[in-house]
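Right, one structure below, let's go through it.
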Amino acid sequence: MLRDDKKKSDSINRKILLPTTIVGLLISTGTIFFIHQEFEKELVSYVTQRAHSVAEVLEYSSRSESSLNTLSYTVGAMAASRDIKNIVAVRGDSLEIFASTKRAWRDLNANDLTNHALKKAILNSADKNIISSMIDTQEGIFTYSLPIILTETSNTGKSLNRKPGIIAIQINISDAIRQAKINIIWFTSVIMSGILLIVLAIYFVLHRYIFAPISSVVSTMNERARGNKTMYAERKYDDEIGLVATSLNTMLDKSEEDAKTLKELNENLELKVSERTTALKLQAEELRKSKEQAEESTRLKSEFLANMSHEIRTPMNGVIGMTNLLLDTKLNPEQLNYAQTVIHSAHSLLQLINDILDLSKIEAGKLDLEIIPFDMKELVDEVSDFMSVKAQIKEVEMLLRYVPGTPRYVMGDSGRIRQVLLNLTSNALKFTDKGHVLISIEAKEIYDNNALFYVKVEDTGVGIPENKQRIIFNKFDQADGSTTRKFGGTGLGLSICKELAHMMHGELGVKSTVGVGSTFWFTMKLNIDTERDKDDGVEINNECDLSHMKGLMVSDNETAQKIAVEQMHSHNMKIDTASSAGQALDMLNAAAKKAIPYDVAVLDHLIPDMDSVELAKKIKQDNTINKVLLLVASSSPNHADHNRMKDIGIAGLLVKPINCGDLIRTLSTLVEAKQKNNKISFITSHMLRESATRTSIHDGSQLRLDGKQILVAEDNRVNLMMATAMLEKYGCHITPAGNGKEALNLHKQNRYDLIVMDCQMPEMDGYEATNMIRNMERRNSLQHTPIIAFTANAMKGDDKKCLDAGMDDYISKPLKREDLEDVLVKWLIESNYPQV
């Protein structure tokens, strides 16, 4: 430690001494340089004066009234001086040397001189008529030349004329340089000695008053660091370093007190840490117990929801199923009305139950999406067709817009998408008494086989106040929450739709203005089904090239016009629009006069100034325009309209909302008939749909399963009766079983084509019975019998639980005829399993 301190102290000394020495050397160097310059100036001044005095004597001689010989004698006399090396007198006009200290130079031209310094000086004075001087310190020669005026005289001594001349002098300055060097060395020694003494004095002063006190303070701190608590810094002087020593001593005393305090704090801290650790352990134990209780609560909640689903759906299955069977019997009008009321109420109750169960499943994290391939456009068409019945009752126009270029075949949960669409469309119709409801589907982004769908449901209803637009998405909240509100509902639908949108990586929102209407929108990200046909166009039975056709859309509804334009433009048709009957007639006549008539006109049934039938009459009565094909679009057609329109010459009646397939299929059929000169029959939406579904294998009237042996295991007597009655309608032979144990025994004794197995039954439930049947089949190498779960459970994982138990498929309660038919076709017709 002391060695390190010594190094530090020496380092400080060096840091002070080295710069001081460097500064001293710089000062010495500068001083020496200054002295050298001064001596050099004195030397130049001395020799210049000496040369100038010699030149003045010679110049005086050249101006005397004597001949030039006098100047020659003077030059010769001056050469006797010890410091004079050379003197030359030159005529200015010819540069001829007429006087010189060297005889060999006389009568020579100055240009022929071998003394370069002398030659250069003479020529410089001759050219520029100036005094020229230069010093050669190595040779020790000073050369000086100046122009003069020479006076030439005759032999009689009479002055003839005056001419220019030059006198050049070289002086030996070796002795002067030697003396200057001696003087410089002497002065340099004196200065260097003085500066060295000054530097040493500064160092000793700094060492005594700064370095030594600092070293003392450092030594004290090191001793303290080694544990010597009696060591204090000595204050030698009343200066800043002395104050540092005093402050250090005070700090050392304070550090002793702080060390004692810190020791006490550490002891207290250890005690508190111990207490806190014990508390944290207790808290962690409490959290563990709370977590276990929460998990148990969640498990119990899931079990409760599963039981509730089963207990509620089981009787609902009986109510709906038996009522459907009742509706298939012969009933008088009053009985039919009662039965239809029962089935309607049962479906409303089932919808309420489904909403509550969906909400419970979402909160319990038990709701999963079933990702399957489906046709988005077909799904939307089904929703619009279903809701158009309600729209007709309220006399509200139902519109559908499927933007061209939007993908049709995608992967997603079609059931949940249908649920959101039905909920939003149902709400729109509920709050709209006049105007229209529009369903619009568009793909905003398409990238890497993914599409971001933007779906909106627009209405012209009562609208929602701005302060209510946020709360309507909360559970059980409605814009009008009073018990006397006009519109019913639990307020769960929008909350569930919002959660479903989030699950599909999208959002749900609303834009609304009171008295104008509302637009509910939601987005979802779906994968495009690349296995299906890449063609996103419309599938039609009689597709023709429509690009040569020119059409006219007559409607006062701008949205309906826009949809028709989009649909026809997607098939390269030329389409114009008219907002009234008068405008339509003017446009038809104007086109006919220009010899570019319209091929088809689509007339909205209700036009402000004239209905579609009256407009069609006028068109058909005008020979100029009566060849145009006429189609009528109506929200609520009736049988009387069919006959009237057909008699007038209208080619077809389409029910709103008109999907793109119906419109293009109708146009293709009419064009094809016209090209073949066939009689154009009256086309309706019903005829188009009937033609499209004519060959469906799922038509109940065609599905026959005569002789199929089916075992139905169901403990609920009503559900057993209902399932038996529905299956017997297809010609099946039914064997009932009251629980899983009975079903197992019956399977041991007989072979069945299909087993319908309820999941929750007494003595032995459906899961255990299925497991035992599968084990028996494997053990005895028996044929695999398809087992269909007949379950009222609707929680997340219930379908997987059925499949894990060995079941092949499942049907949810309450049983729907179409679901039952799908399962029967799949496992009794399409399946490769051998049948009994």
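The structure presented is a predicted model; accordingly, all values stated were derived computationally and were not measured. All values below come from the heavy atoms of this structure, side chains included, with hydrogens, waters and symmetry mates left out.
- Shortest non-hydrogen contact noted between Thr735 and Leu711 is O-CD1, 3.2 Å.
- Shortest non-hydrogen contact noted between Met807 and Gly766 is CE-O, 3.5 Å.
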Check the pair Lys377 / Asp381 against salt bridge (charged side-chain N to carboxylate O under 4.0 Å, His left out), numbers first and verdict last.
-> CA-CA 6 Å; Lys377 187 178 183 310; Asp381 287 343; 3.0 Å; yes
Checking side-chain contact (heavy atoms from CB on, under 4.5 Å) for the pair Ile464/Phe431: CA distance, chi angles, key distance, verdict?
-> CA-CA 10 Å; Ile464 304 170; Phe431 294 100; over 6 Å; no
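- At least one donor-acceptor pair closer than 3.5 Å links the side chain of Asp765 to the backbone N or O of Tyr767.
- Atom CD of Glu728 has more than 12 heavy atoms from other residues, nucleotides or ligands within 6.0 Å.
- Contact check for Arg704 versus Lys729: no side-chain heavy atoms found under the 4.5 Å cut-off.
- Atom NE2 of His502 has more than 12 heavy atoms from other residues, nucleotides or ligands within 6.0 Å.
- Side-chain contact annotation: Gln783 with Arg751, donor-acceptor N/O pair under 3.5 Å present.
- Scanning both residues, Ala713 and Ala743, for their nearest heavy atoms gives CB-CB, 3.9 Å.
- In this structure, Met772 places its CE atom where only 12 or fewer heavy-atom neighbours from other residues, nucleotides or ligands lie under 6.0 Å away.
- Atom CG in Leu720 sits 9.5 Å away from atom CG in Asp715 (nearest 0.5 Å).
- Side-chain atoms of Leu754 and Thr785, non-hydrogen and from C-beta on, never get closer than 4.5 Å to each other.
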Residue pair Arg408, Glu378: steps toward the salt bridge (charged side-chain N to carboxylate O under 4.0 Å, His left out) verdict = CA-CA 8 Å; Arg408 286 184 57 173; Glu378 184 178 338; 5.3 Å; no
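- At least one side-chain heavy atom of Leu824 sits less than 4.5 Å from a side-chain heavy atom of Ile710.
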Show the numbers, then the answer: is there a side-chain contact (heavy atoms from CB on, under 4.5 Å) between Met524 and His505?
-> CA-CA 6 Å; Met524 54 185 172; His505 308 289; over 6 Å; no
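- The residues Asp808 and Arg774 are annotated as salt-bridged, a charged nitrogen and a carboxylate oxygen being separated by less than 4.0 angstrom.
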Do any side-chain atoms of residues 449-457 form donor-acceptor pairs under 3.5 angstrom with protein atoms, and if so which ones, sequence neighbours left out?
from	atom 1	to	atom 2	distance (Å)
Asn450	ND2	Asp448	O	2.8

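- Taking all atoms of both residues into account, the shortest heavy-atom contact from Gly707 to Asp753 is O-OD2, 4.4 Å.
- Here NZ of Lys390 is found 9.0 Å from NZ of Lys430. Values are rounded to the nearest 0.5 Å.
- Here the straight-line distance linking atom CZ of Arg418 with atom CZ of Arg416 works out to 12.0 Å at 0.5 Å rounding.
- Shown here for Pro407 and Tyr402, the closest heavy-atom pair between the two residues is O-OH, 2.7 Å.
- By the neighbour-count criterion of 12 heavy atoms within 6.0 Å, atom CE of Met764 is densely surrounded, having more than that number from other residues, nucleotides or ligands.
- A pairwise comparison of heavy atoms in Gly412 and Leu526 identifies CA-CD2, 4.2 Å as the closest pair.
- For the pair Leu705 and Ile829, the minimum side-chain heavy-atom distance is below 4.5 Å.
- A cation-pi geometry, defined here as NZ or CZ lying under 6.0 Å from the six-membered ring centre and within 45° of its normal, does not hold between Lys708 and Tyr730.
- Distance check, rounded to the nearest 0.5 Å: CG of Leu508 to CD1 of Ile496 gives 12.5 Å.
- For the pair Val756/Ile811, no side-chain contact is recorded, criterion being any heavy-atom separation below 4.5 Å from C-beta on.
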Evaluation steps, side-chain contact (heavy atoms from CB on, under 4.5 Å), between Ile787 and Ile755 | CA-CA 5 Å; Ile787 300 177; Ile755 299 175; 4.1 Å; yes
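- Inter-residue side-chain proximity for Ile439 and Met387 is flagged as unmet; no heavy-atom pair is nearer than 4.5 Å.
- Side-chain atoms of Thr724 and Glu714, non-hydrogen and from C-beta on, never get closer than 4.5 Å to each other.
- By the 4.5 Å heavy-atom criterion applied to side chains, Ile528 and Tyr409 are not counted as neighbours.
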Could you check Leu500 against Phe522 for side-chain contact (heavy atoms from CB on, under 4.5 Å), going step by step and ending with a plain yes or no?
-> CA-CA 10 Å; Leu500 290 175; Phe522 72 96; over 6 Å; no
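- To the nearest 0.5 Å, atom NZ of residue Lys394 and atom CG of residue Leu429 are 6.5 Å apart.
- Taking OG1 of Thr406 as the start and CD of Glu442 as the end, the distance is 6.0 Å to the nearest 0.5 Å.
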